[in-house]
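Data block below; observations after.
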Amino acid sequence: MKQIQTAFYVKEDVLNIARSLIGMKLMTNIGGRLTGGIIAETEAYAGVHDKASHAYGGRKTVRTEVMYREGGIAYVYFSYGMHHLFNVVTAGAGIPHAVLIRGIIPQVGVDWQLKRRKQEMIRPQLVNGPAKLCQALGITLQQNTISLLGDSVWIEQGEKINIADIITCRRVGVDYAGKDALLPYRFVLKHDSYRTAKIN
DNA sequence: ACACCGATTATCT
DNA sequence: GATAATCGGTGTA
């Protein structure tokens with residue numbers, strides 16, 4: 001079994017999971033195309049107490065219901081009328097934790113990733129954002145709620161990362177969360193040549 | 001380098 | 001009817 005197993009996803013320390021995901025490989029096999037890359041940037045969303053989380057205050061809607069399920073599944077949502085964002089649901093059932101994947105280093109099926117992104121060359125802007133990597137890997141609302149233990153979208157062991165090579169900083173685009181926008185819930189791989197995003 | 005802004009629609013209130 | 005865990009293009013320097 002190459003897929004990371006349920007025991008990893010159901011832990012309650014979402015920050016630790018978000019940091020541990022750095023260096024692992026996010027893989028998709030969608031439309032007969034095998035694509036993937038090393039996870040280089042993540043953000044933790046810590047459920048009901050985190051003002052930046054879609055589940056803040058126990059908010060439960062058609063969209064966010066998936067966050068309350070047992071960890072190890074995908075939470076994909078559609079934003080700004082044109083972008084898909086991919087999260088890993090974590091913790092046990094009833095605890096709506098999630099980790100947003102914000103950047104990868106393309107590794108598998110790079111030609112398909114370029115094609116999906118309508119680009120010719122491998123450049124930082126290929127996959128250095130949450131909506132960009134979804135487009136490159138073919139992730140859409142179709143993948144919402146699917147198990148990460150299946151053979152369509154999954155995470156597998158990747159490179160061993162030294163903890164000193166991970167930058168911890170503030171999350172992006174969550175100003176509406178007030179004080180919680182300042183929390184150090186974002187993890188970024190140092191020396192990622194595909195990253196151009198600013199570190200706060 | 002950085003600031004500004006328009007695109008476009010599922011989902012929520 | 002309003003909002004949005006973004007992106008890419010344009011403009012100024």
Side-chain angles (χ1 to χ4, degrees), chain A residues 14-15 17-19 21-22 26 37 39-69 71 73-91 95-104 106 113-146 148 153 155 167-189 192-200:
Chain A
V14 66
L15 292 175
I17 294 176
R19 184 168 43 225
L21 282 168
I22 301 288
L26 173 60
I39 297 173
E41 182 176 341
T42 62
E43 279 179 1
Y45 285 85
V48 300
H49 303 298
D50 179 359
K51 216 165 179 184
S53 169
H54 290 159
Y56 175 65
R59 199 151 161 279
K60 198 169 188 178
T61 64
V62 175
R63 182 179 64 160
T64 63
E65 170 272 326
V66 59
M67 300 179 82
Y68 290 80
R69 302 195 205 174
I73 61 176
Y75 167 38
V76 182
Y77 75 98
F78 193 58
S79 189
Y80 290 100
M82 58 183 81
H83 300 304
H84 297 279
L85 279 74
F86 171 79
N87 295 255
V88 175
V89 173
T90 70
I95 303 175
H97 289 174
V99 177
L100 172 68
I101 308 299
R102 292 191 57 90
I104 64 170
Q113 297 189 42
L114 287 166
K115 201 159 205 173
R116 286 180 176 136
R117 292 276 296 136
K118 302 193 194 332
Q119 300 197 8
E120 315 257 310
M121 309 278 291
I122 300 186
R123 296 178 289 178
Q125 69 225 54
L126 184 64
V127 284
N128 65 346
K132 298 179 196 178
L133 71 89
C134 281
Q135 193 182 357
L137 300 183
I139 297 171
T140 66
L141 283 175
Q142 297 256 305
Q143 279 69 46
N144 191 29
T145 78
I146 69 166
L148 300 179
V153 180
I155 294 169
I167 301 164
T168 305
C169 55
R170 300 207 296 260
R171 292 175 293 186
V172 176
V174 294
D175 292 345
Y176 59 86
K179 240 181 120 183
D180 286 353
L182 305 176
L183 293 169
Y185 283 6
R186 177 175 172 221
F187 302 95
V188 182
L189 182 61
D192 172 11
S193 55
Y194 288 85
R195 176 175 60 75
T196 56
K198 197 164 129 185
I199 309 298
N200 297 305

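Reminder, nothing fancy here: chain letters follow the sequence lines and each chain counts from 1.
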Given atom [atom1] of [X] and atom [atom2] of [N], what is their separation to the nearest angstrom?
X	N	atom1	atom2	answer
A:Phe78	C:dT3	CZ	P	19 Å
A:Arg102	C:dA5	CZ	C1'	7 Å
A:Leu133	C:dA5	CG	P	16 Å
A:Tyr80	B:dC5	OH	P	15 Å
A:Asn144	B:dT11	CG	C1'	12 Å
A:Lys60	B:dT13	NZ	P	15 Å
A:Met82	B:dG6	CE	C1'	8 Å
A:Lys132	C:dG8	NZ	P	5 Å

Q | Exam field: side chain A:Asn87 to backbone A:Tyr75, donor-acceptor pair closer than 3.5 Å | A |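 Confirmed, A:Asn87 side chain pairs with A:Tyr75 backbone.
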Q. Between A:Asn128 (side chain) and A:Gly103 (backbone), is there a donor-acceptor pair under 3.5 Å?
A.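 Answer holds: no.
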**Q.** Of A:Gly173 and A:Arg117, the one whose closest DNA chain C nucleotide lies more 5'
**A.**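 In this pair, the answer is A:Gly173.
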Can you check whether [X] has a side-chain N or O nearer than 4.0 Å to OP1 or OP2 of [N]?
X	N	result
A:Tyr176	C:dA5	yes
A:Arg59	B:dT11	no
A:Arg63	C:dA4	no

(Q) By the 4.0 Å heavy-atom rule, please label A:Leu100 as base, sugar-phosphate, or nothing. (A)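 Answer is base: heavy atoms of A:Leu100 come under 4.0 Å of a base.
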Q) How is A:Ala52 classified with respect to the nucleic acid when contacts are heavy atoms under 4.0 Å: base, sugar-phosphate, or nothing? A)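 Counting heavy atoms under 4.0 Å across all strands, the contact made by A:Ala52 includes a base.
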Q: Working to the nearest 0.5 Å, report the span between OG1 of A:Thr168 and CG of A:Leu183.
A: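 It comes to 12.5 Å.
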Q: State the CG-CG distance between A:Asp175 and A:Leu182, to the nearest 0.5 angstrom.
A: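 Answer for the CG-CG pair, A:Asp175 versus A:Leu182, is 9.0 Å.
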(Q) Given the ring of A:Tyr45, does A:Arg171 sit roughly above its face, with NZ or CZ under 6.0 Å from the centre of the six-membered ring and within 45° of the axis? (A)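 Output yes; distance and angle both within limits.
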Q. Has A:Tyr45 got its ring stacked on C:dA5, by the test of a centre gap below 5.5 Å and a plane angle below 30°?
A.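 According to the criterion (under 5.5 Å, under 30°), yes, A:Tyr45 stacks.
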Q) Can you find a donor-acceptor pair, distance only, under 3.5 Å between A:His54 side chain and C:dA5 base? A)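 Side chain to base: pair found, below 3.5 Å.
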Q) Pairing of DNA chain B as dot-bracket, 5' to 3': ( ) intra-strand, [ ] crossing, | other strand, . unpaired, with Watson-Crick or G-U pairs under 3.5 Å? A) |||||||.||||.
Q | Any donor-acceptor N or O pair under 3.5 Å, side chains A:Arg116, A:Gln135 | A |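 Their side chains do not contain a donor-acceptor pair, so the 3.5 Å distance test is not met.
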Q: Take the angle between the ring planes of A:His54 and A:Tyr77 and call it parallel below 30°, perpendicular above 60°, tilted in between.
A: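 Perpendicular: the ring planes of A:His54 and A:Tyr77 meet at over 60°.
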